[in-house]
There are 2 protein chains.
Amino acid sequence: MVQDSDAFAADLLRGHTDTIVLGVLRRGESYGFEIYKTIRDATGGAHEIKEATLYAAYRRLEKDGLVESFWGDETQGGRRKYYRITDAGRAVYQRNVAAWTATRDIIDSLLDPRGSGRAPERH
Amino acid sequence: MVQDSDAFAADLLRGHTDTIVLGVLRRGESYGFEIYKTIRDATGGAHEIKEATLYAAYRRLEKDGLVESFWGDETQGGRRKYYRITDAGRAVYQRNVAAWTATRDIIDSLLDPRGSGRAPERH
DNA sequence: GTCGAGTACTGTATCTGATCAAGTACTCGA
DNA sequence: TCGAGTACTTGATCAGATACAGTACTCGAC
């Protein structure tokens, strides 16, 4: 959809979800819902990455060996599945950040967003 | 796919295609293949937005009234379909650039790409 | 004079990540 | 005990991107 952009259009983050999750886990292990809240808070409460999207990403990342999971030993109460980034995950993360940086600069140059507080083409 | 990122992973630009096309047309009317070449050149030859993707975007944008098209009067040779951004298109473009800027900063803050040549968190 | 590369546009089928919608299950404070 | 919040899961569906294929014209090379 082209039109709406209340705060964010639907899937502007698409394709970056895995990298974002790796970016959160790079700082330390965490569990599913906490990662979700971290991202939600980072987006200023506009939490446009939905739970289902993230849980799908966790599975994808684990299948690819980029994160590993284990159940926390919450003796009482709600179970939590923790995730930890692997070495392979860190390597992919580095590459994906580079890809993001390049992509970001390309879009910036094509959109030329004046007044965005950032000067394009300065180096 | 998480893994590969030779130059760009598959659809990192996803969701931004329409905005990018509007960004090109904002500078002046153009025809389909020329827009394609403009974007391809901007990406340093790594043309990750495919022709079919763009032609699909043109149709979408026209359907939504954000661009209008007309056939060029190439008296000799290949027909060219020209596109011109409409007022509605400019309005949407402005909003989408704002959405892009916000999205970009969120991803930047989550990825914290040090050494990207850009200092996060400065305001 | 035709052959291939490049230009230029189109259509259809398929893939994949994101989302919707719903459900399960536990905790804790009112 | 009831509702809100925490925490995870699954299945169906959507839409944009891509693969693949095709049509048609131009122009330089051979």
Side-chain angles (χ1 to χ4, degrees), chain A residues 1-4 6 8-22 30-41 43 45-64 67 69-83 96 103, chain B residues 1-4 8-21 30-41 43 45-64 67 69-83 96 103:
Chain A
M1 185 175 297
V2 180
Q3 298 286 352
D4 66 59
D6 279 326
F8 302 102
D11 57 1
L12 291 182
L13 296 178
R14 189 180 181 121
H16 303 291
T17 306
D18 295 337
T19 306
I20 290 171
V21 170
L22 290 176
S30 184
Y31 59 92
F33 202 70
E34 193 179 46
I35 299 171
Y36 164 70
K37 284 186 293 182
T38 299
I39 296 172
R40 185 189 60 188
D41 293 349
T43 63
H47 76 102
E48 77 284 49
I49 300 192
K50 300 304 188 303
E51 277 184 80
T53 302
L54 286 175
Y55 285 105
Y58 303 154
R59 261 174 269 137
R60 204 160 49 228
L61 289 167
E62 187 164 22
K63 181 174 69 59
D64 290 346
V67 304
S69 70
F70 53 97
W71 288 99
D73 56 347
E74 280 71 39
T75 45
Q76 93 295 9
R79 61 191 183 146
R80 290 172 173 174
K81 195 175 194 176
Y82 286 83
Y83 294 95
N96 285 5
T103 302
Chain B
M1 186 176 298
V2 180
Q3 298 285 350
D4 66 57
F8 302 101
D11 57 1
L12 293 182
L13 298 177
R14 189 180 181 121
H16 303 291
T17 307
D18 295 337
T19 307
I20 290 171
V21 170
S30 184
Y31 59 93
F33 202 71
E34 193 179 47
I35 299 170
Y36 164 70
K37 284 185 292 181
T38 299
I39 296 172
R40 186 188 59 188
D41 294 348
T43 63
H47 75 102
E48 77 286 48
I49 300 190
K50 302 300 188 306
E51 277 185 80
T53 303
L54 285 175
Y55 284 105
Y58 303 153
R59 263 174 266 138
R60 200 160 50 228
L61 289 167
E62 186 163 25
K63 180 175 70 60
D64 290 344
V67 305
S69 70
F70 53 97
W71 288 98
D73 56 346
E74 281 71 39
T75 44
Q76 92 295 8
R79 59 193 185 147
R80 290 172 173 172
K81 196 174 192 175
Y82 285 82
Y83 294 94
N96 285 5
T103 302

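Reminder, nothing fancy here: chain letters follow the sequence lines and each chain counts from 1.
Between the P atom of C:dT7 and the CG atom of B:Asp41 lies a distance of 10 Å, rounded to the nearest Å. Distance, B:Arg60 CZ to C:dG11 P: 15 Å, rounded to whole Å. Taking atom CG on A:Leu61 and atom P on C:dT16, their separation rounds to 16 Å, with Å as the unit. Put simply, CD1 on B:Ile49 is 7 Å from P on D:dT18, counting in whole angstrom units. Remark: P of D:dA17 and OH of B:Tyr36 are 15 Å apart, rounded to the nearest angstrom. Atom CG in B:Leu54 sits about 9 Å away from atom P in D:dT18, given to the nearest Å. At whole-Å resolution of the value, CG in B:Asn96 and P in D:dG16 are 13 Å apart. For B:Arg40 and C:dA8, the CZ to P distance is 11 Å, given to the nearest whole Å.
With sequence neighbours left out, B:Thr17 forms a side-chain hydrogen bond (donor to acceptor under 3.5 Å, both in side chains) with no residue at all. In terms of the side-chain hydrogen bond (donor to acceptor under 3.5 Å, both in side chains) criterion, A:Thr38 has no residue partners (sequence neighbours excluded). In this structure A:Glu51 satisfies the side-chain hydrogen bond (donor to acceptor under 3.5 Å, both in side chains) test with no other residue, sequence neighbours excluded. Partners of B:Tyr55 according to the ring-ring contact (aromatic ring centres under 6.0 Å, His included) rule, which considers only residues two or more places apart in sequence or in another chain, are B:Tyr58. Applying the side-chain hydrogen bond (donor to acceptor under 3.5 Å, both in side chains) criterion to B:Tyr31, with sequence neighbours excluded, gives B:Arg80.
When the side-chain nitrogen and oxygen atoms of B:Lys50 are compared with OP1 and OP2 of D:dG16, none of them lie within a distance under 4.0 Å. Side-chain N/O atoms of B:Thr17 include one lying less than 4.0 angstrom from OP1 or OP2 on D:dA17.
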DNA chain C in dot-bracket form (Watson-Crick or G-U pairs under 3.5 Å, [ ] crossing, | inter-strand) is ||||||||||||||||||||||||||||||

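A pairwise comparison of heavy atoms in B:Val67 and B:Tyr83 identifies CG2-CD2, 3.9 Å as the closest pair. Contact detail for B:Tyr36 and B:Lys50: the closest heavy-atom pair is CE1-C, 4.5 Å.
Rounding to the nearest 0.5 Å gives a distance of 11.0 Å between CZ of A:Arg40 and CG of A:Leu54.
Interface remark: the B:Arg14 side chain does not form any donor-acceptor pair with the D:dT18 base, using a distance-only criterion of under 3.5 Å.
Using a 4.5 Å heavy-atom threshold, the side chains of B:Asn96 and B:Asp18 count as separate.
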With 3.5 Å as the limit, what N/O pairs link the protein to nucleotides 8-12 of chain D?
from, atom 1, to, atom 2, distance (Å)
D:dC8, OP1, A:Lys81, N, 2.4
D:dC8, OP1, A:Lys81, O, 3.3
D:dC8, OP2, A:Gly32, N, 3.3
D:dC8, OP2, A:Phe33, N, 2.5
D:dC8, OP2, A:Tyr55, OH, 2.9
D:dT9, OP1, A:Lys81, NZ, 3.4

